[in-house]
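See structure below.
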Protein chains: 2
Amino acid sequence: MRQEPMSIPEQTRQSRLSSNGWKIQRIAKWLDREMDRRLIDHGITVQQFAVMMTVLETDGLSQTQIGRQFSAPAYTISRAIDHLERAGLLDRRPHPTSRRTHTIHATAAGHKLSPALLAIVQEVNAALVAPLDTAERDRFSALLTKLT
Amino acid sequence: MRQEPMSIPEQTRQSRLSSNGWKIQRIAKWLDREMDRRLIDHGITVQQFAVMMTVLETDGLSQTQIGRQFSAPAYTISRAIDHLERAGLLDRRPHPTSRRTHTIHATAAGHKLSPALLAIVQEVNAALVAPLDTAERDRFSALLTKLT
DNA sequence: TGATTTATCTTGCAATTGCAACTATATTCT
DNA sequence: AGAATATAGTTGCAATTGCAAGATAAATCA
């Protein structure tokens, strides 16, 4: 006697779609899109933005050091810097003591971009927690910290 | 008189790196890696996994309907199904009334994979909230829902 | 009905990504 | 010192992605 294979019960579906992981992925995707939407005017991607912010915040880091800031592989940094260098926003300079290391520095144009980038971060973060009241924001932030 | 361009104050850096957006992105990346790490044994990616789950949960959806489940563009679904079909986990069948629509169905092999996939979801979600106690988990889940 | 618009799905192409291999330099070990 | 290892960064290649355009088919409109 033949029987159709059972499909997953509705309850299971609900529990997956309402899982924390799923929600976080959705929110993260939204964040990415919002960032990209605003960054496109400045000709950079979120990936490149992260590198640029790091360089603006700390001048003269090596590529490896930059990568460690957000655990990105070396080649990601290498290529992001290729872009940002071509865009004239930063440049590679020889390291004072090591000939295989570069130190990375924002150019004048890079520094000029800084306020706009900071504004974007703040705007997107504000939009993210807009549905929450002050107490909820504090709790949310604390909980996220526990997970990191 | 020449002056070095100001770099972004430490406080600003701290506020960016501790922002909710940043933390969420970090967690989302972690989730992705954890899922991928487990799914690789089954030869599918997270993207394909999402499609597969949807098909397992609801048999006979069209590709567009599947895409709406997680607001993925049509071509993503098209290609994910290409893979899953080639892997023998599901198949496209003609729609009963519309000749341009496919209905998507899990194969026997697809159904057989179901428990393993469900286990992965549960495992990763459990690992995600492992640092939180029961009350915190409830609060976290509620807050995430508000943001969605 | 025939023309226009919309819907469903696919695909060509260029850009991006991830892996592994590579170059070059620095460090450690014997 | 010389050999073996480790580190910093780059690159070739294959796979993936995203956009825009295409191919059908269905629905709407005049």
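Each chain gets a letter, A, B and so on, in the order its sequence line appears, and its residues count up from 1.
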Indicate whether OP1 or OP2 belonging to D:dA8 is found under 4.0 Å from a side-chain N or O atom of A:Gln65.
no
Do A:Val55 and A:Tyr75 sit in the same hydrophobic cluster, where Ile, Leu, Val, Met, Phe, Trp and Tyr count as joined when their side-chain heavy atoms come under 4.5 Å apart?
no
Which part of the nucleic acid, if any, lies within reach of B:Thr45 when heavy atoms closer than 4.0 Å are counted: base, sugar-phosphate only, or nothing?
nothing
Identify whether any heavy atom of B:His83 sits under 4.0 Å from a base atom; if not, whether one sits that close to sugar-phosphate; answer base, sugar-phosphate or nothing.
sugar-phosphate
Less than 3.5 Å between a donor and an acceptor, one on the side chain of B:Arg100 and one on the base of D:dA25, is that the case here?
yes
Touch class at under 4.0 angstrom, heavy-atom based, for A:Thr97 against every strand present:
sugar-phosphate
When all nucleic acid strands are considered with a 4.0 Å heavy-atom cut-off, which category describes B:His102: base, sugar-phosphate, or nothing?
sugar-phosphate
Atom-to-atom span, NE2 of B:His95 to P of D:dA27 - whole angstrom
10 Å
One pair to check against side chain to side chain contact (heavy atoms under 4.5 Å, CB included): A:Ile81 and A:Ile66. What are the steps and the verdict?
CA-CA 10 Å; A:Ile81 291 179; A:Ile66 293 171; 4.3 Å; yes
Find which nucleotide of DNA chain C each of A:Ser98 and A:Arg79 is nearest to by heavy atoms, and output the residue with the more 5' nucleotide.
A:Arg79
Along DNA chain C, first and last positions that approach a heavy atom of chain B under 4.0 Å
C:dA7 to C:dC13
Decide yes or no on side chain to side chain donor-acceptor pair (under 3.5 Å) for A:Arg92 and A:Gln63, but give the supporting numbers first.
CA-CA 9 Å; A:Arg92 291 169 160 103; A:Gln63 299 189 188; 3.0 Å; yes
Less than 3.5 Å apart, any donor N or O on the side chain of A:Asp59 or A:His105 sitting next to an acceptor on the other?
yes
For A:Arg37, is there an ion pair with A:Glu34 - N to carboxylate O distance below 4.0 angstrom?
yes
Rounded distance [0.5 Å steps], CD1 in B:Ile24 versus CG in B:Leu31:
11.0 Å
